[in-house]
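The structure under discussion appears below in the form of structure tokens.
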Amino acid sequence: MAKQQQNSAAIYCRLSRDDGGDAESNSIGNQKEMLQRYAKENGLYIHDVYVDDGISGTTFERADFKRMIADVEEGKVGTILC
């Protein structure tokens with residue numbers, strides 16, 4: 001694994017229930033903030049943030065999950081933070 005890939009992280013946030021509005025839920029925002037802080041403290045470059053809000057974890061039919069997996073398979077990401 002190349003050093004760049006080793007230091008490249010994907011942040012994946014998911015919440016299974018809809019928060020009742022069009023905006024991201026507070027929990028998603030909290031997840032992002034916590035994971036971004038972790039990445040910074042551990043010297044990880046954030047390749048991208050992937051969010052599936054309001055989608056059940058019982059299915060892999062989640063748009064950003066699939067996009068994240070494609071980026072991992074293409075070698076763009078070495079670590080997934082969730």
Side-chain angles (χ1 to χ4, degrees):
M1 182 181 308
K3 183 164 178 62
Q4 182 181 5
Q5 181 185 359
Q6 288 176 336
N7 290 335
S8 181
I11 289 180
Y12 182 71
C13 303
R14 186 189 63 78
L15 188 66
S16 63
R17 59 181 166 71
D18 192 21
D19 67 352
D22 292 331
E24 286 182 347
S25 67
N26 287 333
S27 179
I28 291 292
N30 292 339
Q31 288 176 51
K32 277 189 210 177
E33 182 180 316
M34 183 174 53
L35 294 170
Q36 287 169 334
R37 183 173 53 247
Y38 178 88
K40 183 178 180 179
E41 291 170 355
N42 289 278
L44 296 169
Y45 161 78
I46 300 170
H47 173 73
D48 207 347
V49 177
Y50 308 81
V51 178
D52 288 313
D53 196 3
I55 301 175
S56 173
T58 62
T59 179
F60 289 110
E61 295 301 315
R62 294 176 254 150
D64 261 16
F65 179 82
K66 287 181 171 186
R67 187 171 66 85
M68 178 186 68
I69 294 302
D71 285 350
V72 169
E73 290 173 345
E74 291 174 14
K76 297 177 181 176
V77 173
T79 302
I80 298 173
L81 304 175
C82 54

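Counting from 1, the numbers follow the sequence of the chain as shown.
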Counterpart residues, salt bridge (charged side-chain N to carboxylate O under 4.0 Å, His left out), relative to E74 (two or more places apart) | K76

Which atoms form the tightest heavy-atom contact between A9 and V77, and what is the distance?
-> C-CG1, 4.1 Å

Output all residues satisfying side-chain contact (heavy atoms from CB on, under 4.5 Å) with L35, sequence neighbours left out; order by chain, then residue number.
-> I11, C13, L81

Heavy atoms only: give me the nearest A39-I46 pair and the separation to one decimal.
-> CB-CG1, 3.9 Å

Just list the side-chain donor-acceptor pairs under 3.5 Å for residues 60-71, sequence neighbours left out, or say none.
unit_1 : atom_1 : unit_2 : atom_2 : d
E61    : OE1    : K66    : NZ     : 2.6
R62    : NE     : T59    : O      : 2.6
R62    : NH1    : Y12    : OH     : 2.9
R62    : NH2    : T59    : O      : 2.9
D64    : OD1    : R67    : NE     : 3.1
D64    : OD1    : R67    : NH2    : 3.4
D64    : OD2    : V51    : N      : 2.7
D64    : OD2    : R67    : NH2    : 3.4
R67    : NH1    : D48    : OD2    : 2.8
D71    : OD2    : Y50    : OH     : 2.5

Separation between CZ (R14) and OG (S56), nearest 0.5 Å, reads 6.5 Å

Check the hydrophobic clustering (I, L, V, M, F, W, Y; side-chain heavy atoms under 4.5 Å; chains of links allowed) and say if M34 and I80 are grouped together.
-> no

Output all residues satisfying side-chain hydrogen bond (donor to acceptor under 3.5 Å, both in side chains) with E33, sequence neighbours left out; order by chain, then residue number.
-> none

